[in-house]
Amino acid sequence: MLNGRIANALTPAVGALAFIILWWFVTWLRWIDPVLLPSPQASARAIWEGFVGGNLLKDFLITIRRTLLAFGIAVAVCVPLGLVLGSSVRLYRSLEFVIDFFRSTPASALFPLFLVILGVGESTKIAVAAFGAGLLILFNTAYGVMNARKTRQAAARVMGASPMRVMMGVTLLESLPQTFVGMRSGVSFSLVIVIVAEMFIGSTDGLGQRVINAQMIFNMPEMYATIFGAGVLGYGLNLVFIVIERRFIHWGGK
Amino acid sequence: MLNGRIANALTPAVGALAFIILWWFVTWLRWIDPVLLPSPQASARAIWEGFVGGNLLKDFLITIRRTLLAFGIAVAVCVPLGLVLGSSVRLYRSLEFVIDFFRSTPASALFPLFLVILGVGESTKIAVAAFGAGLLILFNTAYGVMNARKTRQAAARVMGASPMRVMMGVTLLESLPQTFVGMRSGVSFSLVIVIVAEMFIGSTDGLGQRVINAQMIFNMPEMYATIFGAGVLGYGLNLVFIVIERRFIHWGGK
Amino acid sequence: QEKVKMGLFIASSAMPYFIAKERGYFAAENLDVEGIPLATHPLIVQGLVKGDLDAASNLLSLEGANINALRPNTLQYFSLNCQNVKHQVEAYVVPASNTSIKTLADLKGKRIMSAPGPGNLFVAKGVLKAAGLDEKDYSMQEQQMSVHMGALQGGQFDAAYTLEPIVSMMVAQGIGRKLEGGLIAKYMLGRPDACAVLAGGAMSVKFMRERPQVAERLARAWAKALNDGNNDPKARDLLSKHMNTAAAVAPTVPLSYYSMIKDLKPAEIADFQNLVDQATANGLVKSKIDVKTMLKTY
Amino acid sequence: MNAPQDVAVGSPRRPAPGTHITIRGLTKSFAGQPLYSGFDLDIPKGQITSIFGPNGCGKSTMINMVAGLLPMDGGEALFDGKTLSDTVIGYVFQNYRDALFPWKRAIDNIKYPLRIAGKTKGECDARADELVKSFDIRFDLNRYPYELSGGQQQLVSIMRSLAVHPEVLFLDEPFSALDYEMTLFMRDKLQDIFEATKTTMILVSHDLDEAVYLADQVLMLTRRPTRIAEVVRFDAARPRRPETLTSDAFIRAKAQCLEVFQREVRAREAAA
Amino acid sequence: MNAPQDVAVGSPRRPAPGTHITIRGLTKSFAGQPLYSGFDLDIPKGQITSIFGPNGCGKSTMINMVAGLLPMDGGEALFDGKTLSDTVIGYVFQNYRDALFPWKRAIDNIKYPLRIAGKTKGECDARADELVKSFDIRFDLNRYPYELSGGQQQLVSIMRSLAVHPEVLFLDEPFSALDYEMTLFMRDKLQDIFEATKTTMILVSHDLDEAVYLADQVLMLTRRPTRIAEVVRFDAARPRRPETLTSDAFIRAKAQCLEVFQREVRAREAAA
Ligand SMILES: Nc1ncnc2c1ncn2[C@@H]1O[C@H](COP(=O)(O)OP(=O)(O)OP(=O)(O)O)[C@@H](O)[C@H]1O
Ligand SMILES: Nc1ncnc2c1ncn2[C@@H]1O[C@H](COP(=O)(O)OP(=O)(O)OP(=O)(O)O)[C@@H](O)[C@H]1O
Ligand SMILES: [Mg+2]
Ligand SMILES: [Mg+2]
């Protein structure tokens, strides 16, 4: 029982460990020039120095803030929208063009458009990330609803639940496993776009700006350290969902 | 009956039309300076000229080729892998870090790494797109398997189907609705990364290179025309899946 | 024919490559030079380090200094591009309708955008410092070059530190007015005719060591191309064809001055050293480096 | 592809007095094959109507349409002058497994219709307690539905349908998964509830004993395209008890049902 | 929380001669509550064993474990010296709806186990035809399962389990959704198949008539933690026909079952 618990807790670490060992191995064998790909130790040192001396922590927090803001907006708008669209296949089909269109357009190509509309401030970065993440969430939620069995919604309806109640109390929960997949895609994507935006749209802070600055002055340990930080952050955000999912979506696959 | 058919065929056009009308409206009212956001007519003309005079068609085809190659690799590798990982939750959890890590890292930040490994040729663009799309497909397929009911797999097993047969004949089909969502996310993402890669790495052709060139010389009609082309291409690729889905995944939600 | 891979950063400073290619100078040396466009300089450096690239047509000087500081003997410049008041590549631009800003000093308290990257920020700020403005006196944000025109026109910024050909296009389209150009030479190096080296042609040391004859032939072809670039106006036709310069401004857009290392005057080398030293002091280059070690005379 | 309109036995166009649900001109086809065409039926108020018919004759489809869960191709169903949405309905799905909410514990599934009806938490708890006591439930209702056995799930499904004192109760093979004792117990329970509340009940069952034992009238359906073969009344006094099963009236009614059933089945077989 | 190990009636540790499935020391608990602990059972070869017991006593769980669909916490099940994977099994799930493949037409569902067994297309078609004829199927097997009524789905599920001439056939409430006539027909059909093939059959049923009518022995289970209350043999000659239902032997066996059942139910109730 206890052993099981420990094993459970350690499972997620296996991948991380294997990944770092592989990284270490590649650099140790010098398969890749250490100037181009620094060792995990060098990157770890850069992270440490960034936290202690530099303002890595600040950049970290700023990026998290932007990501969560963007993601929050995306969820608030696109989960309900996805439920509504998914409930009417015809409605969804009629809007599918726009959804697939923008899903297939690089966020970086849309920067100019967002800049034109929202200016160069903070809001553009958040808006473009919310937009990108929102599309994924919308898409997944709508498909979750379309692919869900209809019996339970019918059951709620026949018990006299209002359409709103059916939607929030049944349809939402019915599509939740897929919606969660969408949210996890969305939170990662939101982080990705925030970082890209920080790289390319006038930013003086955030992980993206650190990445691009480190890259420009060819400070590879710093660059990979920051990328690694971003990846870990992404996993961390996903972890929140994994935990919620385990707690709340116990019925998946039952 | 016939009316229904026509309505069905026209449904997808509604969104596209609304989108173009909105675009036209915004530029017509001059809410946004036409130098920054050209009208749909101007962009249409640019597309026309690109097809007739320029080599837009060639760039189009090159981008399609790269996208499909990357996507094909991603599907071939990641659907089976997703089935295997999804069948064992513990295995998936142990690798989840790596999957979520890379899902949360911008492809553009990974270009240096891919360049280091694969050099500056064509293969890098395809590899990085296949990698990005593959992660999404893997993630969706694995969750499709995890969230699928287990009864049918049990039924196949008890009828004496080999594990391989259960996987390909039942697990795959059981998770297909979600796998399809993953594939559609993947094909769009693959297109996005190919375009971004064409913008960034060693490319003398493709839609991405057109976008960046047009952007550099501030040829906005050409830029938006190309982006529009990319978006339509993305919808087109999705359309293939929508059609296949309608034909083959008739049991979704039943 | 010997195969050579050359990294390109698509900008007007890549012109020598296109001249040599189109006018057959490479072919005359029996070279098959493949140009590989890469959108950021670090990717070019990476290619040179790894050996995917043998040379680069226009690699930022600070990138070169940096990699050589990190990893001595990685690459050497065999030609440099000088910019100064006569060859104005960089400039401060203000909206055309704005008449209140007449000198750099008037930028006090303004919102400024700069070309992106630490190198550009370094010079954009360095110039203003030399003009007497402290960093606190203005706000500066970097922006992708592609949004400079839109952002200036949209009124989101009061001024832009930007580069050719954007400067010319802003002026030609009536969006902006050039406040002052050739800033680095004048303000940071102290002489209007100083040679501010922002980029140059580079070869990897590995390439030069392993295929010295090929390197030499490449340099010979290159020298011819530089000569055309400096003196033949018709070479500019290539700008709009290959280097993302609008046809309207291509004939007149200012370009930097190209020289092979052997043609550089000692003062110009000293200018180069000066600029690199300032960058080093600013933390942009890891450690102090003697620029002569990264120059190769052909 | 319209089959000739059947004249439903005992269903004049104008609803008979005491009718609760009036079905008129019900038409439905699947994949171009007609299931119902112009089907008329009156379901009397405050009585138990059993529906008895072969597999696939459209029993589930009919009650689904009447309860508004499936669109009709044509026709209408009226609820004693009220609209469907004003009527409190209880419904036990044939497919009970898919109709329970797996995200709610069994007990919360039972309380769900009470919540919908706007009852307070106290009222919900009280009613749930009452149900648990009355059905003498011996398994843990704090489990999730997917942790219950088939019969337990069906029992929860029945309790849920009864929670709100419905005006009309649809029961689609409600006892199919219950054990021997529970089935007997539930028949009597249902009868008790009926006597106490006079709820209109529509019971689909393949167990002829059960169908007749509980019913005021047994609706005998034919194979598709579905008609009413006959409506057999069974007027034995309530409460009916196990002895009823051996009473003359019961045996007569059952025999009549069987005869109609055999006749219809044979007739179709001959025709086929 | 270990309940005292029950001594299973009629199940010595060494399998009785003619045993097909030997279950020894079966242990299973859910959520910390024991369901089986040290359960022993011998299922005789070439006989029909009915399992009769209250809802939630673990009938489905037991046959699921024996068929390898659910892991045991402890214990083992042996198949006449063979391993489970070498044994051809037919299985009708209580949850038949979720066990059919919705991506295959009904007819292809039926052919699936034949395909698995490596039969050619021709053989599959021939066997499917044979089944369709033998079951006198009158609905369209080219429909997808979700287009069928509950009873039709169950019928398809039964046909699928019979397609490959299994050595052991597990039937978990296989007739629960079938109509009156079909149920009678299927009982006889199953008996015919049994007589022709002597397949070992394990039948879970809540219909005591059915359980006894078909069985060579009826396994009476108690409530959880589950023990064998009694094994009632019924040796009437086959083929059994409707007349059997009125024979003395039948009435005796049924009465004995009922008595055991009542006694067990009462005993537990008193204990509870
Ligand atoms: N979605 C569908 N597509 C095509 N045919 C359907 C569909 N749904 C139901 N049917 C057909 O309609 C008929 C009636 O189905 P229904 O479920 O109402 O039967 P039923 O009387 O409830 O049968 P059972 O006693 O088996 O539950 C069946 O023959 C079935 O095949
Ligand atoms: N996943 C689970 N978690 C907890 N308890 C479970 C789980 N699955 C089954 N049970 C419990 O195990 C017991 C046996 O279930 P099982 O389905 O075997 O019963 P059964 O004898 O087949 O009943 P029925 O006649 O209703 O089909 C039940 O009490 C049930 O609540
Ligand atoms: Mg039915
Ligand atoms: Mg069971």
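Residue numbering restarts at 1 for every chain, and letters A, B, ... go by the order of the sequence lines.
- For E:Phe101, the parts lying under 4.5 angstrom from a heavy atom of chain B are both the backbone and the side chain.
- Neither the backbone nor the side chain of E:Leu84 comes within contact range of chain B, judged by heavy atoms closer than 4.5 Å.
- One finds the OG1 atom of B:Thr151 at 13.5 Å from the OH atom of E:Tyr96 (value rounded to the nearest 0.5 Å).
- The distance from atom CG of B:Leu176 to atom CH2 of E:Trp103, rounded to the nearest 0.5 Å, is 9.0 Å.
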Checklist entry - After noting the C-alpha distance and the side-chain angles of B:Val170 and E:Tyr112, does the key distance pass the side chain to side chain contact (heavy atoms under 4.5 Å, CB included) rule? => result CA-CA 11 Å; B:Val170 185; E:Tyr112 183 80; 3.8 Å; yes

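- Contacts of E:Arg115 with chain B are made by both backbone and side-chain atoms, with heavy-atom separations under 4.5 Å.
- A 6.0 Å sphere centred on OH of E:Tyr146 holds more than 12 heavy atoms belonging to other residues, nucleotides or ligands.
- For chain E, no part of B:Gln153 is nearby; none of its heavy atoms comes within less than 4.5 Å.
- Contact of the E:Pro102 side chain with the B:His250 side chain is not registered, since no non-hydrogen atoms from C-beta on lie closer than 4.5 Å.
- A heavy-atom distance below 4.5 Å is not found between the side chains of E:Tyr144 and B:Trp251.
- The nearest pair of heavy atoms linking E:Leu69 to B:Val158 is CD2-CB, 4.0 Å.
- Among B:Glu174, B:Arg152, B:Met159, the residue with the largest count of heavy-atom pairs under 4.5 Å with chain E is B:Arg152.
- In this structure, the portion of B:Arg157 lying under 4.5 Å from any heavy atom of chain E is its side chain and not its backbone.
- The two residues B:Ala155 and E:Ala99 come nearest to each other via the heavy atoms CB-O, 3.9 Å.
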